[in-house]
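Below: the structure, in structure tokens.
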Amino acid sequence: MKQCTHADALPLPEPGPLSDTCLECLATGTHPVQLRLCLTCGHVGCCDSSPKRHATEHYKDSGHPIMRTFEPGEAWRWCFVDHVLV
Ligand SMILES: [Zn+2]
Ligand SMILES: [Zn+2]
Ligand SMILES: [Zn+2]
């Protein structure tokens with residue numbers, strides 16, 4: 001089992017969300033299924049079940065390693081680099 005070191009390097013406090021929906025989806029007229037919040041910069045992007053997967057796109061563009069769910073009532077974080085819940 002790989003140890004994730006990215007969670008310890010996240011900024012504190014957690015960055016506030018830059019938007020309340022996926023702005024890339026808003027711009028292109030696609031609909032997010034669920035939303036994810038980047039814990040490095042506060043980018044809000046759509047999940048991998050959404051047509052455009054902008055949260056994953058954001059990771060590829062920025063290298064920001066960890067996002068958390070932006071869905072009410074859910075609380076988990078995912079490391080894109082290690083592919084583990086952290
Ligand atoms: Zn990690
Ligand atoms: Zn999107
Ligand atoms: Zn980010």
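Atoms within a ligand are numbered from 1 in the order they appear, just like the ligands themselves.
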Under 3.5 Å: donor-acceptor pair, side chain of [X], backbone of [Y]:
{"X": "T28", "Y": "E24", "result": "yes"}
{"X": "S62", "Y": "H64", "result": "yes"}
{"X": "R53", "Y": "D48", "result": "yes"}

Under 4.5 Å between side-chain heavy atoms, hopping through other hydrophobics if needed: is there a path connecting W76 to V33? no
May I ask you to test the M67-L39 pair for a side-chain heavy-atom distance under 4.5 Å? no
Of all N, O or S atoms in H54, the one closest to the Zn ion (ligand 2) is ND1
At the Zn ion (ligand 3), ND1 of H64 and SG of C38 open up to roughly (10° bins) 110°
Rounded to 10°, how many degrees is the angle NE2/H58-the Zn ion (ligand 3)-SG/C41? 100°
From the N, O or S atoms in D82, identify the one nearest to the Zn ion (ligand 1). OD2
The Zn ion (ligand 1) is nearest to which N, O or S atom of H6? ND1
